[in-house]
Structures are given as structure tokens and as C-alpha cells.
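One structure below.
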Amino acid sequence: QVQLVEVGGGLVQAGGSLRLSCAASGGTFSSRAMGWFRQAPGKEREFVAAVSWSGGRTYYADSVKGRFTISRDNAKNTVHLQMNSLEPEDTAVYYCAVTKPWGRPIYPDEYDYWGPGTPVTVSS
């Protein structure tokens, strides 16, 4: 049974940084992209960033480009999201997810597995 566990969320002041990590277990993740989504109160879940199986391709939402960096370690089945220059608008619950084999990374329907989420609060 595949499980994803996110860590690293918390409270930070605007302009600060946080690093989210997600560990995947219970399956094989070759040919699967890994990504991060977020959901703010009263809003729909939205794509944040994703990384291809090889790590060679990364994808970012326009709102986080230049501030967030995604990376993965296939030896440990982990994915990380380094978040810098955080803004109050980044406040949300952040979810780690794994696509189906060769899934398209920016579409939530392409993801098979989801973590429970970790909250991030950015104060102004």
C-alpha cells in the first residue's frame, strides 16, 4: 500500500523560507512524476510544482516561479519543495502526490496517490 508523508510545514513570516519534504513508500515509483499541490481556505486545490521521474524536468505554477524549487531523490523515494520569499498568499495546506505511470504532471487527475497534507501559514 502506497503511503506519502509530508513534513516541514509551519508558521513563517513573509519573506521567510520553508522546506517541505515528502517520503513515499509501499510501491515502485519509476516512470512516475512527483508533485506538490496546495489548497487555501475557501479555494480549490491548485498545482504548485512537479518533477519528472528522472528529475530532469521541473514544472512550476507561475505564482511560485523563481521562489520555489522542487527536487527529488529516487534512492530515497523523496521529493522536496524549497520555498523562499514566502508571501501571505502562499498560505495553504500543501499536498505531495505521485502520478500514474507517465502521467502529465500539472494535472491533478493524473495523480494516483496523495499525502494527507501539511499546513503552511505565512504571516504578514
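No side-chain heavy atom of Tyr107 sits less than 4.5 Å from a side-chain heavy atom of Thr99. Pro119 is not listed as a side-chain neighbour of Tyr94, based on a closest heavy-atom distance of 4.5 Å or more. The shortest distance between side-chain heavy atoms of Val48 and Leu81 falls below 4.5 Å.
Counting all heavy atoms, side chain and backbone alike, Gly117 lies closest to Glu6 at N-OE1, 2.9 Å. When all heavy atoms of Cys96 and Val79 are compared, the pair lying nearest together is SG-CG1, 3.8 Å.
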CA sep, side-chain torsions, deciding dist, call: His80, Ser21, side chain to side chain donor-acceptor pair (under 3.5 Å): CA-CA 4 Å; His80 308 283; Ser21 295; 2.8 Å; yes

side-chain contact (heavy atoms from CB on, under 4.5 Å) between Tyr60 and Ile106, worked out: CA-CA 8 Å; Tyr60 295 96; Ile106 68 172; over 6 Å; no

Criterion side-chain contact (heavy atoms from CB on, under 4.5 Å) on Trp36 and Ile70, from CA distance to verdict: CA-CA 9 Å; Trp36 291 92; Ile70 190 170; 3.6 Å; yes

Steps toward side-chain contact (heavy atoms from CB on, under 4.5 Å) verdict (Thr118, Leu20): CA-CA 8 Å; Thr118 185; Leu20 305 182; 4.1 Å; yes

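Rounded to the nearest 0.5 Å, atoms CH2 (Trp53) and CZ (Arg72) are 6.0 Å apart. Between Ser31 atom OG and Trp102 atom CH2 the span is 5.0 Å, to the nearest 0.5 Å. Of the inter-residue distances, the one linking Gln13 atom CD with Ser124 atom OG reads 9.5 Å to the nearest 0.5 angstrom. To the nearest 0.5 Å, atom CD of residue Glu110 and atom NZ of residue Lys100 are 4.0 Å apart. Rounding to the nearest 0.5 Å places OH of Tyr111 at 9.5 Å from CE of Met34.
Looking only at distances, no side-chain donor or acceptor of Arg57 sits under 3.5 Å from a matching main-chain atom of Ser52. Panel note: side chain Thr69, backbone Gln82; no donor-acceptor pair is recorded below 3.5 Å. Judged purely by atom type and a 3.5 angstrom limit, Thr28 has no side-chain atom pairing as donor or acceptor with the backbone of Ser30.
Taking the six-membered ring for Trp and the full ring otherwise, the centers of Tyr59 and Phe47 sit at least 6.0 Å from each other.
More than 12 non-hydrogen atoms from other residues, nucleotides or ligands lie less than 6.0 angstrom from CZ of Arg19.
Using a 3.5 Å distance cut-off with no hydrogens or angles, the side chains of Ser17 and Asn84 do pair a donor with an acceptor.
Using a 4.5 Å cut-off between side-chain heavy atoms of Ile, Leu, Val, Met, Phe, Trp and Tyr, with links allowed through other members, Leu18 and Val64 fall into the same hydrophobic cluster. Leu4 and Phe37 fall into different hydrophobic clusters, where Ile, Leu, Val, Met, Phe, Trp and Tyr residues are linked whenever their side-chain heavy atoms come under 4.5 Å apart, directly or through other members. Val120 and Leu11 fall into different hydrophobic clusters, defined by Ile, Leu, Val, Met, Phe, Trp and Tyr side-chain heavy atoms under 4.5 Å apart, directly or through other members. Two different hydrophobic clusters hold Tyr113 and Val7 under the rule that ILVMFWY side chains link at heavy-atom gaps under 4.5 Å.
Ion pairing of Arg38 with Asp90 is present here, as a side-chain N (NZ or NE/NH1/NH2) and a carboxylate O approach within less than 4.0 Å.
By the 30° and 60° cut-offs, the orientation of the rings of Tyr95 relative to Trp114 is perpendicular.
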